[in-house]
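Working notes, structure below.
The figures that follow rest on heavy atoms only: side chains count, while hydrogens, waters and symmetry mates do not.
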Amino acid sequence: MALENIRPFQIGTTRSRKETKPSRMMASSDVRERRRWLLPFRLMRVVLMAGFLLVSGCRNELDGTFLSLVIVPDQDSASHIVGLMDQFDEAHLDSAIVHRARSVFDCEASPRDYRWERKFNEKVEAILSEADGRGIDVYLGLVSSCFPFWASENAEAISVTGVTAGILLEDFDHHPSFKGWYLPDEPSPFWAYDINVPYYGFLADAIRNAESQHGASERPILLSPYLTFHEEHPRSPAAVAAWAQDLIDAGVSIIALQDSVGAHAANLGFNQDEYTVAQYFEAISAQIGHKKLWADIELFGCCTAQAGETTPYYWLPGGGATGRGSSIQRVMNQIKHIRPHVSHITSWNFVVQAAAISPHMEAARFNAAYLAATKFRGRILQPASYQWGSGDSGPHANYPDSGNEMFDKKIGYARENDWKTILDPAWTGILKDPSLEIDLGSQHTVDWVGLQLLSQNISGVRFPTQYTLEASTDGVVWTPLGSWPFPYPAAPDGTHLNGEFLYANPSALGATCRYLRIELDNDWWTFVSEIEIVSESESETP
C-alpha cells in the first residue's frame, strides 16, 4: 500500500508588582523590620486585588505551588531559595506548599524511616524567612506514606506524624509565614475508598494534639487527592464529593484536588466524555464549600508510560521527578475551567516545570510562556497569517486546518490510548514531513516557537524526529535559527512515547524577524493542535 494512502487507525468516522525583593538572606530582626514597612504595601495590594477581581471576574493565573526540599541543593541552599522566591514574586505566587519535610520517600520503608532530620532546618528556615519578606504563605509537609500506610490504621505512621509536627512547631512556630500543614499523601477516591478516610482523621488528630501541647493555634491541614479511576467504573462527581466531605469531617481542612493530567489524563473539560474534571470540582465545591476546595494544576503533558517505555518522567539532579512539557494554552484552559469552583489554585510543580533556574530542559520556555500568557512579562505573538506547505507537507484532507487553527487557542484532546483523540477537530494531521511559513505582520523579537504535538501508537501518530526553524525579515532571504532532535527517543524495544508534547527550541532565540519557517521530520503522521510564539522583551499593546 502506498504511504500516502495510509490513514491513522480509527473506529468509525492582576496583582500589582511587589516593590522590593530581598537580594540575600536577612536576619530575623531585618525581616521583622521589613515586614513592618511592607504592611501598607500589602494592604494596598489586597485592596487593588479585590478591585481587580470585581472588574475582571475569574483570574487566569496560578496562586501558588508545591516545593520539594529534595530539589533544593544542600550546598548553597539559601541562595537557591532566594532565586526561587524571586521567580515566585515575578509569577505573583502567594503560597508555597513544602512537599517533602521529611528524610525518606520510599513505599517499602517503615514509618520510622520518615522521622524528621534537622539537616532540613536550614532550608525550611530560609524558605520561611524569604516567604515572610515577600508576603508568601508556607504550608509545611509532614510524613509521606504509601498504600500500606493509609490503607490501614497504622499507629506507627500516625505517631511519627505527630512527633514530626511537634518538632516543626518547636523550631518554626514563631514564623508568621508558617500558615498551615500539608499531608503529602495523594489518595484516590477509587483506591481504598472506604478505608483511607479514618486514617487521615487519625493524622489530623495527631497534628492537633501536637499543636495543643505546644500552645499553637490550629493551622489548616491540606490534602491533595488525585482523580483516577478504572475507566469502566468511574465514580460520579456526587460520589467523589461525598468522599471529600468525609475527609473534611475527619479533620482535613482543605482539599487541594489534582486535575488528573498525571493520572491517565481524565477528561479535562475540553470535550464531553463521561464526566469532566470541571464537573468533579463543581460538585465538590457545592458539597464542602468554595473556601475548602483548592486545585492542584499539573503543568506537564499527558500521558502515562506504556509497555517498553522507560517512563514519561525523568529524575532531576538532587532528586525529584517531572513530566514532559505542556502547552501553555492547555494549562490556561485547565485554570479557566476550574477557577470558578475553587478558592485557590496551586500547581505541581512550578518550581521544576516553570522556574527559570530549574534544571528541567523545558522550564525556561514554559516560564516565559506563562509570564506572557498572564501578561506579567512578555507577549504571546499572534501572526497575521500562515501557510502550510504543498502536497505531503500540508494537512491531509481527512484532518484539515479549516482556518487559523494553529492560533485559535483550542487545544487538541489528549488521553491515554483513546482512539477518539485524533477525531478532535482541534488536531490537524499531516502525513510525512510538515512545513509551515508564518507571517507575523511586522518585525518582532521572537524567543520561543513551540508546537503542541500528539503521539499515539494505536493510531499510527508519532512525534517528529527533528524540528528546524528559519527566520526572515523580507520573506525572501532566510536565516537558520536552529535544528533540534526530538529530546525523548523511542525505548530500546522501539516503543514510542504516547501522549502530548510542546516541541520548541531549547533556548531563547532573541531573533528579530517578520517571517518564520517551521519544518518537521517525520515518516509517520504528525498531529499539531496549536503553535505558541513568545517574545520575552515585548509587551501587550495597551
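Counting heavy atoms from C-beta on, the side chains of D137 and S177 never come closer than 4.5 Å. Residues R365 and L502 meet the side-chain proximity criterion, which asks for heavy atoms closer than 4.5 Å. With contacts defined as side-chain heavy-atom distances shorter than 4.5 Å, the pair W348/L299 does not qualify. Put simply, the side chain of L222 does not reach to within 4.5 Å of the side chain of L183, judged on heavy atoms. Taking 4.5 Å as the limit, every side-chain heavy atom of R379 sits out of range of all side-chain heavy atoms of L371. Taking 4.5 Å as the limit, every side-chain heavy atom of Y182 sits out of range of all side-chain heavy atoms of V98. Side-chain contact between I97 and L140: absent, with no pair of heavy atoms (C-beta onward) separated by less than 4.5 Å. Contact annotation: the side chain of I297 never approaches that of T346 to less than 4.5 Å [non-hydrogen atoms, C-beta and beyond].
For W294, the ring-ring contact (aromatic ring centres under 6.0 Å, His included) test picks out Y139, H344, with sequence neighbours left out. F350 is linked by a ring-ring contact (aromatic ring centres under 6.0 Å, His included) to Y370, counting only residues two or more places apart in sequence or in another chain. Annotation: side chain to side chain donor-acceptor pair (under 3.5 Å) contacts of E211 (sequence neighbours excluded): W181, R208. Shown here are the ring-ring contact (aromatic ring centres under 6.0 Å, His included) partners of F366, two or more places apart in sequence or in another chain: there are none. Partners of Q452 according to the side chain to side chain donor-acceptor pair (under 3.5 Å) rule, which considers only residues two or more places apart in sequence or in another chain, are E500, S529.
Side-chain atoms of Q213 do not come within 3.5 Å of backbone N or O of A210 as any donor-acceptor pair. Judged by distance alone, the side chain of D63 and the main-chain N or O of I345 form a donor-acceptor pair under 3.5 Å. Panel note: side chain E532, backbone I328; a donor-acceptor pair is recorded below 3.5 Å. Listed for the S253 side chain is a donor-acceptor partner under 3.5 Å among the backbone atoms of I221.
Nearest heavy-atom pair, E125 versus F172, reported as atom, atom and distance to 0.1 Å: OE1-CE2, 3.6 Å. Closest of all the heavy-atom pairs between N60 and M332 is OD1-O, 3.1 Å. Here the closest heavy-atom approach between residue I338 and residue A295 is recorded as CG2-CB, 3.5 Å. A372 approaches V534 most closely through the heavy-atom pair CB-CG1, 4.1 Å. Residues F281 and L293 come closest through the heavy atom pair O-CD2, 3.4 Å. Shortest non-hydrogen contact noted between A504 and G450 is CB-CA, 3.6 Å.
Using a 4.0 Å cut-off between charged nitrogen and carboxylate oxygen, D132 and K179 do not count as a salt-bridge pair. A salt bridge links D86 with R134: the distance from a Lys NZ or Arg NE/NH1/NH2 to an Asp or Glu carboxylate oxygen falls below 4.0 Å. With respect to the salt-bridge test (charged N to carboxylate O, under 4.0 angstrom), the residues E530 and K410 do not qualify.
To the nearest 0.5 angstrom, T164 atom OG1 is 10.0 Å from I207 atom CD1. Here the CZ atom belonging to F501 is positioned 12.0 Å from the OG atom belonging to S327, to the nearest 0.5 angstrom. Atom-to-atom distance recorded for I127:CD1 and I81:CD1 is 4.5 Å, nearest 0.5 angstrom. One finds the CG atom of L168 at 10.0 Å from the CZ atom of R219 (value rounded to the nearest 0.5 Å). We find the CD1-NZ distance between I248 and K292 to be 5.5 Å, quoted to the nearest 0.5 Å. For the atom pair CG (D205) and OG (S212), the distance works out to 12.0 Å, reported to the nearest 0.5 Å.
In summary, the side chains of S347 and E298 do not present any donor paired with an acceptor at a separation below 3.5 Å, with no hydrogens or angles considered. A donor-acceptor contact closer than 3.5 angstrom links the side chains of D296 and S224.
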Please table the atom pairs, donor to acceptor, closer than 3.5 Å between any side-chain atom in residues 284-291 and protein atoms at least two apart or in another chain.
from	atom 1	to	atom 2	distance (Å)
S285	OG	H341	O	2.9
Q287	NE2	Q245	OE1	3.2
H290	NE2	V342	O	2.6

Problem set entry | Check against side chain to side chain contact (heavy atoms under 4.5 Å, CB included), I136 and M85 | CA-CA 9 Å; I136 295 174; M85 291 298 175; 3.9 Å; yes

Exercise. Stepwise, does the side chain to side chain contact (heavy atoms under 4.5 Å, CB included) test hold for L247 with L223?
Worked result: CA-CA 9 Å; L247 288 170; L223 183 68; 4.0 Å; yes

Problem set entry | From CA spacing to verdict: side chain to side chain contact (heavy atoms under 4.5 Å, CB included), F178, V138 | CA-CA 5 Å; F178 176 17; V138 178; 5.7 Å; no

Exercise. What do the steps show when you test L128 against H174 for side chain to side chain contact (heavy atoms under 4.5 Å, CB included), and what is the final call?
Worked result: CA-CA 10 Å; L128 290 168; H174 63 284; over 6 Å; no

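Within a 6.0 Å sphere centred on NZ of K123, heavy atoms belonging to other residues, nucleotides or ligands number more than 12.
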